[in-house]
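Chain letters run A, B, ... following the sequence lines, proteins first, then strands; residues in each count from 1.
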2 protein chains.
Amino acid sequence: MTIKFPPATHAYQTPHSPRGANAHFSLGLIGRGGGFGLQQSAIAEQDVFIGFHRNGKVICLPFCQPPQPPPPDPMTGHTTSRPVSVELVPADKITRTLGWGSDCWETEGIRFTMATPVSGVPDPQSAPASVLCDAITPAIPARLTVDNRAGKEPIQGFFAVGGWTGCRLLADETGGDLAGVATIAGYGFAYDPKVNPNVQTIIDFDLYRLFGRPYPVTFRLGPVGGFIVEVPAGETITVDFILGWYLGGVVTQGAYHCVYAYTRYFTNFAEMARYAVTRIADWFQQAEAADKVLSSSNLNDDQKFMIAQATRTYYTSSMLFFEGNQPRWVINEGSFMMMNTFDLTVDMQFFELRQHPWVVRNVLDAFTDEYSYYDQVHFPDQPQTAYPGGISFTHDQGIFNTFSPHGFSTYEVPEQHGVYSYMTHEQLVNYILTVAQYLHATQDNAWLIRRKSVIEDCLDSLLNRDHPDPTQRDGIMDLESNRCGSSTEITTYDSLDPSLGQSRRNLYLGVKSWAAYLSLRWLFNRLKSLGALSIREADQKMRTAAESADRCARTILSYYDPKRGYIPALLDGKDTSPIIPAIEGLIFPYRLGLTEEVAFDGPYGELVKTLRQHILHILKPGVCLFPDHGWKLSANSINSWMSKIALCQYICRQVLKIDFGDDEMLHDRAHADWWRVGSSTNPGIDQIFNCVTGGYGFHYPRAVTTVLWLDE
Amino acid sequence: MTIKFPPATHAYQTPHSPRGANAHFSLGLIGRGGGFGLQQSAIAEQDVFIGFHRNGKVICLPFCQPPQPPPPDPMTGHTTSRPVSVELVPADKITRTLGWGSDCWETEGIRFTMATPVSGVPDPQSAPASVLCDAITPAIPARLTVDNRAGKEPIQGFFAVGGWTGCRLLADETGGDLAGVATIAGYGFAYDPKVNPNVQTIIDFDLYRLFGRPYPVTFRLGPVGGFIVEVPAGETITVDFILGWYLGGVVTQGAYHCVYAYTRYFTNFAEMARYAVTRIADWFQQAEAADKVLSSSNLNDDQKFMIAQATRTYYTSSMLFFEGNQPRWVINEGSFMMMNTFDLTVDMQFFELRQHPWVVRNVLDAFTDEYSYYDQVHFPDQPQTAYPGGISFTHDQGIFNTFSPHGFSTYEVPEQHGVYSYMTHEQLVNYILTVAQYLHATQDNAWLIRRKSVIEDCLDSLLNRDHPDPTQRDGIMDLESNRCGSSTEITTYDSLDPSLGQSRRNLYLGVKSWAAYLSLRWLFNRLKSLGALSIREADQKMRTAAESADRCARTILSYYDPKRGYIPALLDGKDTSPIIPAIEGLIFPYRLGLTEEVAFDGPYGELVKTLRQHILHILKPGVCLFPDHGWKLSANSINSWMSKIALCQYICRQVLKIDFGDDEMLHDRAHADWWRVGSSTNPGIDQIFNCVTGGYGFHYPRAVTTVLWLDE
């Protein structure tokens, strides 16, 4: 490590989220606010006020719009009873420490920390209630320390958030047992008044009026709720409190009418908060333990930042529901709000199998039982001639808390050219790959045995999309789902150029199909060893899968263009596009422990070596590197995706044994700055355009692919 | 009527609302949209598309942002499968007819009507369930007629609304019994597919994609939901449908946890819609009957417009809840969202006693039992010396569906100079006035008998605020509530200048206090005749009330300034401001049937005549008339309120027998244009600044004072 970078900016937004509540408290952006968000596709833009007041002078961290003194009252001409000035601390006087679990800001006299425990959500159907409850309590702990040791007079520290409506005092509904404010929007803060005797809840219009009054009030009309803490001269006081969210009742529509799982344990915000305030110390400890895991890793600071940031946007987008006694885990596609988008699941399962493997099963169950379908297929030039297709899976399970009808996504429509067309082949492959990874990680053989016929159907379906005549199969998709009508299937890379977006004869999907055939072989082998398939049947299916994997590898290799030094993106003899995701499929056999299949000298050594050659050849400035050293997934598109880059980096290092040397730090710095600088306002954006940002699609969960790096 | 005005603009927003659902569908504004709103303090800004498509050419009413063709797909370069053009109908090719109950737009080939039945909500505790259910079903009927009689080819009429998220098909959850789309936000539309065989539900991105596809789809990801109706050449087809809203579960917090009353009859949107589609014809008939009442009145067109518009914003702000079996009626203070603001109730009760008298009782009960308090009072120059005060009532009962704790409003805080200070005296007077009006209208003597001690307390409280020494009383408020701390009480006119905003020795509040004393005398007389008070007690209290009314009238008269020709706004010998609301109090004895008390030759003839003189003297350009002939409530403020002007116009004509001649049309035209032009985007704004608009505080309910004009 020889490169010394200038210090990275700390002025970016980070959403701090409990698990499974689709909730966040955003902080970190300078000069624009953040604060609470709940079930929303917009970033939080509430003013957050953290600081202290001394004798008419307010010092405040800059997590808000520049404060403006109130206009004079029309009747009296008054502004405030006594004059108040507000000064925002300049960004360079603040230090920030973002860990995997905690996020801490410090400036003279003030230290503010929030924690978001990283550990996963236990299986609701087997975990003790107390354990599940603790993991999904929709609250995060916060800690404000106000240091007046050098002071000669008392000061008032404060934490407050603006943009609120319908404020109520928790003291009113708990007989004073709890203090804080909750809002009609479902969020608020709370603290234990017994252990915080110096703390007083406030509601007001702004900092000027708050400190301009003879004494603080709880002005329920006001948009700013918070607390002030009286700190005598010579003392330091720390206030522990929680930021919380609560939505009761049915919150989903369409195919399922669900409640948030936490409503099983808490009937309202105050009950939830009463529990949460007792857990602050433990939750901070858990977060610090997570901090240590990340900080003690061998990763560089930019990689650590990306893991910390990505983990948070994943949890921002997480929802754990119950319908009756049935848990339902949903990851929103960030601010696009599509639920359990399958082409995200396939990449996120690496993280999920580490954190909470049951959610992979839960999502797979929903796709198997509810969001699968059987289709017919056709050659694109013979749309009228239908051939047997087979099973596949929908792109998603709904949008904006609205579950789509069984067998249908919200995303896919017929007769749609490009984005929003069907992803039939892509999702079939994703299902097979995810099932195998789940089985490998959990040994949940009972599940596999129950799903045996589905796995068999998957093989048939994959074969049928290659060619109706088995003798003409080459392992690569050639037939389109009839669900498309006259249009054609797309891949997850729909918004890139056609080289990645078209499914038929797509290199990216081809290598993933190869991995899917290998995964099927692995699954049938397991079914055989479990006695769930007869040896004869199993062997026959394993042979079929292996033959297709072989054919697939051969076909891919046959398109290698030695003059260009890489395999073009479309295996049609015409396309010449270089794409990085050609290598994506390699991760699946690798993680499945199929060491030989990904070895340079194994049965697919030629493919693996060629893909290594491919990636080394195209990872060059002007081809698949942006001018800032960031990775360009497709040479022909300015749109590059953080999550997929992280995945491919891992594959390059672990499977293809590529050592980027010092260049790796350049890559990582570029990617980290795409988030820290280009997308500082909209955290977790996956689609980065020309090294800046797309603006939308924030809180995207897929970049937890970065967590794979911790395995290296 | 000799003045001929140019035609008034029709390009203003009108919210069409069911009763008691805090819901609206806004339409009428050109070029900016409208559509659905629900429980929100923002105007609706959804694109509304109404028109027809013929062969790639779309003709659309202009209730939307100017449509933009979609960008080409990044993968395919395609925009739509076939070319589509969209043309918005120019405003001058559209006619609009806004009645009391219906609102109709017509252009060549298209006629669109919505209806909002005007009749009130029956008493939930005595009305048959079927009657209550029908009145509060959260839906309004709509009717689209597409005329293709001159056409040579089929055309597709359409109705669609944009800006939606989480769309679901009603057909999916009703087995095809019902068609339409509902959204996760709680609103949508529905029609009966059996009686509309030519109609097809659609969801899509925009008009271009909708008509650019080979066939229409229901693209659940899309933000535009609606329907298309196939109209064969030579035919006209009418589609009847409903626009509906539904929010289940607890929707309020704080002191009461309520559900919408309609949830008693319908458990979800589809159930509600299934009922509503059967009621379309009847509801249109009811609306047409209301149209006739207004159109056959002797009012001018501007007055009719104001009544029609004001009635709608009242219902937009209405909420009928149940907590358990207890109904709770709430009128929001428009987009300020304060609940049951008492200084609005006192003016709206004229309308409410006509439409649904029980709501006045319901709101009074809440103020009596939950939102009353007893205070002490002090002279402003002797803040430390407390005297007995008495009962009064809070400014409001909460905000944003959050009920404040008993005895407290969300609005009033101590130590607050000007706006947001306490309105103790104002609300005490408002309570007395409202109780008397309610009793007069309903003869609900049982209520009065039950509230006897409260009425007694009201008299004591009113007297105590005049002077602690009975011999020094002059009928006018001189003491401030201790709740204010060191600040002073305000009136409802808080946001005008001090001449109207200060309560103490305020002329406006003085005349209302006189009316309150008369109302108390009337109430005690009734209690006497009901035998609820002994004759001796009653006579003594009536005498006390009458003496205070006399003193009050004498004091007011003593401040008449013959040189200036009016009574200054503050009865302190210093103020010289002319204000229109001096006359407001006159309406209460007049509506109470106290004919003599408001007669020019009655016991208060001098007061009534002087107030007539007052108003005639100040209603002049540069004093209390704006340059456009609109009324300026206070000569010293640019802020004038529609609802109060309407009230004072009624008082001028009915009580003070003023004939404005042709000037009246100039006044009404000015006021109507404040709404139609100045506040065209934000319907129902009460506070108009300099004849334009304040921008906020729309959907304000108080201007139903205009409905008083129908009694003239």
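- Here the side chains of A:T165 and B:M337 are not in contact, with every heavy-atom distance at 4.5 Å or above.
- Looking at B:L500, neither its backbone nor its side chain comes within 4.5 Å of chain A, counting heavy atoms on both sides.
- Comparing A:Q502, A:M338, A:H417 by how many heavy-atom pairs each has under 4.5 Å with chain B, the most go to A:H417.
- For chain A, no part of B:V250 is nearby; none of its heavy atoms comes within less than 4.5 Å.
- B:V217 touches chain A through its side chain: at least one heavy atom from C-beta onward sits under 4.5 Å away, while N, CA, C and O do not.
- Annotation: the span from B:T410 atom OG1 to A:F219 atom CZ amounts to 7.5 Å, rounded to 0.5 Å.
- Interface remark: B:L496 contributes backbone atoms only to the contact with chain A (heavy atom separation under 4.5 Å).
- Evaluation of the salt bridge (charged side-chain N to carboxylate O under 4.0 Å, His left out) rule for A:R505 yields A:D474, A:D478 as partners, not counting sequence neighbours.
- The side-chain heavy atoms of A:C167 and B:F400, taken from C-beta on, include no pair separated by under 4.5 Å.
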Handout entry: Test log, rule side-chain contact (heavy atoms from CB on, under 4.5 Å), inputs B:V413 and A:R220
Key = CA-CA 9 Å; B:V413 281; A:R220 291 178 174 80; over 6 Å; no
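- Scored by the side-chain contact (heavy atoms from CB on, under 4.5 Å) test, B:D206 finds B:P70, B:Y208, B:R209 as partners (sequence neighbours excluded).
- Only the side chain of B:Y215 comes within less than 4.5 Å of a heavy atom of chain A; its backbone N, CA, C and O stay farther away.
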Practice task
Go through the steps to decide whether B:R168 and A:Q253 satisfy the test side-chain contact (heavy atoms from CB on, under 4.5 Å), and finish with yes or no.
Solution key: CA-CA 8 Å; B:R168 64 188 193 273; A:Q253 289 290 337; 3.4 Å; yes
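- For chain A, the nearby part of B:D172 is the side chain; its heavy atoms alone come within less than 4.5 Å.
- Taking CG of B:L169 as the reference point, atom OG1 of A:T402 lies at 11.0 Å (rounded to 0.5 Å).
- For the set A:E415, A:H257, A:Q416, the count of heavy-atom pairs under 4.5 angstrom toward chain B peaks at A:E415.
- Atom-to-atom distance recorded for A:L221:CG and B:I399:CD1 is 4.0 Å, nearest 0.5 angstrom.
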